[in-house]
Amino acid sequence: MNKKILLIILIVLLIIISGFGAWYFINKEKIVQPLKPIAQANYLCNGGKTIDATFYKEEQKPVQPGQPPIPSGSVIVVLSDGRTYNLLQTISADGSRYANSNESFVFWSKGNGALVLENNVEKSYTGCMVLSPDPGGLPQTYSNGTVGFSIRYPANYSINASYVYQELGPGKNISGIKFTIPSSTALGTNLSSFDTGVSIEFIPATQDCNANLFLFGNNNAQNITDNGRDYSFASTTGAGAGNRYEEDVWAIPYTNPCIAVRYLVHSTVLENYPTGTVKIFDRQALLSQFDDIRQTLVTQ
């Protein structure tokens, strides 16, 4: 290729590049930029099904005075069965409602829960609740859409979804879900793995949700804030036949049913063992793990 042809090619390329640059400068305000996500949430539904939702928002569209605002959001939902939907926001008096063009699939975000309608029916995805991100070491998840909560817990904890707290006396049982420590946590210590753990408990039809409702007697519940969340907190201890029981209750004010997290620590008297065979359990490490579990609790 001679120098003259090469020069012509270079000049043409420069003209093209310069022309595109000028066009872009003039029209850059008109170019539609890809939307940036404003929020992302993971939901756990009944049957272990999950939904990953990524929310987007465009600039609010102008309307005539007296007219309702035009929804400008959208969401991409990825279902655990492999389906993906890109949905536009629609008008809703409660929560944020998104639907496809023929309204055959609706995703309705309400507080920390989600409603999924397929052809106007709650079908495959029911009882969906937002999950907290895993802070580390809490890969297992549990959600109860009926009561309205989700929580994370360690992989080696056992779960009793039919747990009932019975220490308040006849007719005062409290339903809940119990997460019990593994035997390996208590091995070689005076900690009992039989019932030590964390339970999520709920009392229906409660006007004043406070920690005293979950413990025997008046335990002077205090209003405290921990990790940015308000609680009604109370604790109690008991002993008998060489056993010691410690209970901390963290009730969530204004929840209905009233929801509380209970720590139960069951230990035995060290003097009951031959010297040197058993050591005192690491209370700080245990309570720190319980705190991590409690702080992943999401309520409706």
Side-chain angles (χ1 to χ4, degrees), residues 132 135 138 142 147 149 151-154 157-160 163-182 185-186 189-204 206-272 279-299:
S132 288
L138 303 178
Y142 181 86
V147 177
F149 74 89
I151 197 165
R152 289 185 174 273
Y153 62 99
Y157 275 44
S158 61
I159 178 173
N160 180 3
Y163 171 75
V164 177
Y165 184 80
Q166 300 176 308
E167 303 304 315
L168 299 185
K172 297 183 179 180
N173 291 348
I174 304 176
S175 298
I177 291 89
K178 179 74 176 282
F179 306 96
T180 304
I181 65 170
T185 299
T189 75
N190 65 327
L191 182 66
S192 171
S193 61
F194 174 71
D195 52 2
T196 295
V198 176
S199 57
I200 314 302
E201 302 172 16
F202 30 91
I203 302 176
T206 304
Q207 292 184 342
D208 179 20
C209 184
N210 68 84
N212 283 332
L213 298 174
F214 295 83
L215 293 169
F216 184 80
N218 186 352
N219 295 277
N220 297 318
Q222 306 173 37
N223 294 323
I224 63 174
T225 299
D226 180 72
N227 199 40
R229 180 174 225 169
D230 294 332
Y231 295 94
S232 171
F233 175 81
S235 62
T236 185
T237 59
N243 294 278
R244 180 179 175 85
Y245 302 91
E246 305 169 56
E247 297 181 60
D248 291 343
V249 172
W250 306 74
I252 316 296
Y254 311 115
T255 51
N256 186 19
C258 178
I259 298 176
V261 181
R262 186 190 306 271
Y263 300 174
L264 174 62
V265 179
H266 176 189
S267 59
T268 53
V269 177
L270 201 63
E271 290 75 13
N272 289 348
K279 64 180 180 179
I280 298 176
F281 73 95
D282 190 336
R283 180 186 307 276
Q284 183 176 354
L286 180 68
L287 294 181
S288 178
Q289 187 170 69
F290 286 1
D291 286 341
D292 288 343
I293 296 171
R294 169 177 55 83
Q295 289 169 3
T296 69
L297 177 68
V298 175
T299 58

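Predicted model only: the values in this text are computed from it and were never measured. All values below were derived from every heavy atom in this structure, side-chain atoms included, with hydrogens, water molecules and symmetry-related copies excluded. Each residue takes its place number in the sequence, starting with 1.
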With rounding to the nearest 0.5 Å, note down the distance linking [atom1] in [X] to [atom2] in [Y].
X	Y	atom1	atom2	answer
Y263	Q289	OH	CD	10.5 Å
N223	D230	CG	CG	8.0 Å
K178	N160	NZ	CG	8.5 Å
I293	S132	CD1	OG	12.5 Å
Y142	L297	OH	CG	12.5 Å
Q207	Y254	CD	OH	13.5 Å

Closest approach of [X] to [Y] (non-hydrogen atoms, all atoms of both residues):
X	Y	answer
P182	S193	O-CB, 3.8 Å
D195	S192	OD1-OG, 4.0 Å
I259	F214	C-CZ, 4.5 Å
S232	A211	OG-N, 2.9 Å
L215	N219	CB-ND2, 3.3 Å
D208	L213	O-CD1, 3.4 Å

Checking R244 against T237 for the side chain to side chain contact (heavy atoms under 4.5 Å, CB included) test, could you report, in this order, the C-alpha distance in whole Å, the side-chain angles of both residues, the deciding distance, and whether it holds?
CA-CA 7 Å; R244 180 179 175 85; T237 59; 4.0 Å; yes

Let me see the working for V164 and I174 under side chain to side chain contact (heavy atoms under 4.5 Å, CB included), right down to the final yes or no.
CA-CA 6 Å; V164 177; I174 304 176; over 6 Å; no

Would you call E246-R283 a salt bridge at under 4.0 Å N-O?
yes

Check D226 with R294, please: is the shortest side-chain N to carboxylate O separation under 4.0 Å?
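Yes, R294 and D226 are salt-bridged.
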
When you compare the side chain of [Y] with that of [X], does any pair of heavy atoms fall below 4.5 Å?
X	Y	result
I200	F149	yes
S199	Y165	no
V198	Y153	no
V249	F233	no
V261	E201	no
N243	H266	yes
R229	I252	yes
F290	V265	yes

Could you go through the side chain to side chain contact (heavy atoms under 4.5 Å, CB included) check for I181 and L286 one step at a time?
CA-CA 9 Å; I181 65 170; L286 180 68; 4.1 Å; yes

Which residues pass the side-chain contact (heavy atoms from CB on, under 4.5 Å) test with L270, sequence neighbours left out?
N190, V278, I280

Determine, stepwise, if the pair F202 / I177 fulfils side chain to side chain contact (heavy atoms under 4.5 Å, CB included).
CA-CA 9 Å; F202 30 91; I177 291 89; 3.8 Å; yes

